[in-house]
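Working notes for the structure below.
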Amino acid sequence: QVQLVESGGGLVQAGDSLTLSCAASGRTFSSYAVGWFRQAPGKEREFVAAISWSGGVTNYADSVKGRFTISRDNAKNTVYLQMNSLKPEDTAVYYCATGRLTARISEYHYWGQGTQVTVSS
């Protein structure tokens, strides 16, 4: 079993940067792909980015491509989401999850509790 804890959220202004962290416990963490998802009020949870177990393959939603970067450090059991040029529409609760390298929520089985990101205009 894997337990995930997100951190790094906060209130920033449009154009600012923020880095989220997803810290994992469990010996098998490095065997899984990790995804970041977000959910804005009144909206469904949506895919943001994912990274393979080795870190060699990454995928991004079109809405964040070129602005967000996902990375991982398996020695630290941590995955990061570097977010640049933030926009008000990036405001959401951000979740990390482990599973397969896919954008499909159903393929992820272990989830963190989420961290709030608020971007003011």
Side-chain angles (χ1 to χ4, degrees):
Q1 188 162 347
V2 178
Q3 293 183 325
L4 305 173
V5 178
E6 302 94 337
S7 63
L11 172 63
V12 297
Q13 292 186 332
D16 285 350
S17 298
L18 207 57
T19 299
L20 305 183
S21 297
C22 172
S25 61
R27 293 178 295 173
T28 60
F29 172 74
S30 60
S31 301
Y32 294 107
V34 175
W36 282 99
F37 296 80
R38 66 187 182 186
Q39 188 166 18
K43 295 187 177 181
E44 293 187 351
R45 193 169 298 189
E46 65 175 5
F47 171 76
V48 175
I51 188 166
S52 63
W53 69 270
S54 67
V57 180
T58 57
N59 292 329
Y60 296 93
D62 288 343
S63 59
V64 306
K65 201 171 293 184
R67 298 189 298 123
F68 291 12
T69 302
I70 188 171
S71 62
R72 69 188 296 164
D73 184 340
N74 286 337
K76 296 183 178 180
N77 275 7
T78 303
V79 172
Y80 305 96
L81 185 67
Q82 172 69 42
M83 306 185 295
N84 298 327
S85 302
L86 283 162
K87 304 175 182 180
E89 50 263 44
D90 295 318
T91 294
V93 178
Y94 283 71
Y95 301 88
C96 63
T98 59
R100 297 183 61 188
L101 186 64
T102 173
R104 292 193 297 272
I105 292 176
S106 61
E107 299 288 348
Y108 290 83
H109 306 295
Y110 297 110
W111 292 80
Q113 294 300 307
T115 185
Q116 176 72 46
V117 173
T118 303
V119 184
S120 64
S121 58

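Numbers for residues simply follow the sequence, beginning at 1. Quick caveat, the model's predicted, so the values are computed rather than measured.
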Rounded at 0.5 Å granularity, tell me how far [atom1] in [X] sits from [atom2] in [Y].
X   : Y   : atom1 : atom2 : result
C22 : N77 : SG    : CG    : 10.0 Å
F68 : L20 : CZ    : CG    : 8.0 Å
C96 : I51 : SG    : CD1   : 12.5 Å

Report yes or no: do [X] and [Y] belong to one cluster of Ile/Leu/Val/Met/Phe/Trp/Tyr joined by side chain heavy-atom distances under 4.5 Å?
X    : Y   : value
L86  : Y80 : no
W111 : V34 : no
V12  : Y94 : yes

> Between K87 and D90, is a salt bridge (Lys or Arg N to Asp or Glu O under 4.0 Å) present by the stated rule, with each step listed?
Replying inline: CA-CA 5 Å; K87 304 175 182 180; D90 295 318; over 6 Å; no
For [X] and [Y], which heavy atoms make the closest approach, and how far apart are they?
X    : Y    : value
Q116 : A92  : NE2-O, 3.4 Å
F47  : N59  : CZ-O, 3.8 Å
A33  : L101 : CB-N, 3.6 Å
R72  : N74  : NE-OD1, 2.8 Å
Y60  : T69  : OH-CA, 3.3 Å
A24  : L4   : CB-CD2, 3.5 Å

>> Does R100, at its CZ atom, have more than 12 non-hydrogen atoms belonging to other residues, nucleotides or ligands within less than 6.0 Å?
In response: no
Using only atom types and a distance under 3.5 Å, with no angle test, would you say the side chain of [X] pairs donor to acceptor with the backbone of [Y]?
X    : Y    : result
Y108 : A103 : no
Y95  : W36  : no
T91  : V119 : yes
E6   : Q113 : yes

> What is the ring orientation for Y32 with Y110, classed by angle as parallel under 30°, tilted 30 to 60°, or perpendicular over 60°?
Replying inline: perpendicular
>> Please evaluate residues N84 and S17 with respect to the criterion side-chain contact (heavy atoms from CB on, under 4.5 Å), reporting the C-alpha separation (whole Å), side-chain torsions for both, the decisive distance (0.1 Å), and the verdict.
In response: CA-CA 4 Å; N84 298 327; S17 298; 2.9 Å; yes
> Could you walk me through whether R67 and M83 pass the side-chain contact (heavy atoms from CB on, under 4.5 Å) check?
Replying inline: CA-CA 6 Å; R67 298 189 298 123; M83 306 185 295; over 6 Å; no
> Going through the checks in order, is the side-chain contact (heavy atoms from CB on, under 4.5 Å) test met by S21 and K76?
Replying inline: CA-CA 11 Å; S21 297; K76 296 183 178 180; over 6 Å; no
>> Checking side-chain polar atoms at under 3.5 Å, does T19 have a donor or acceptor matched by the opposite partner on Q82?
In response: yes
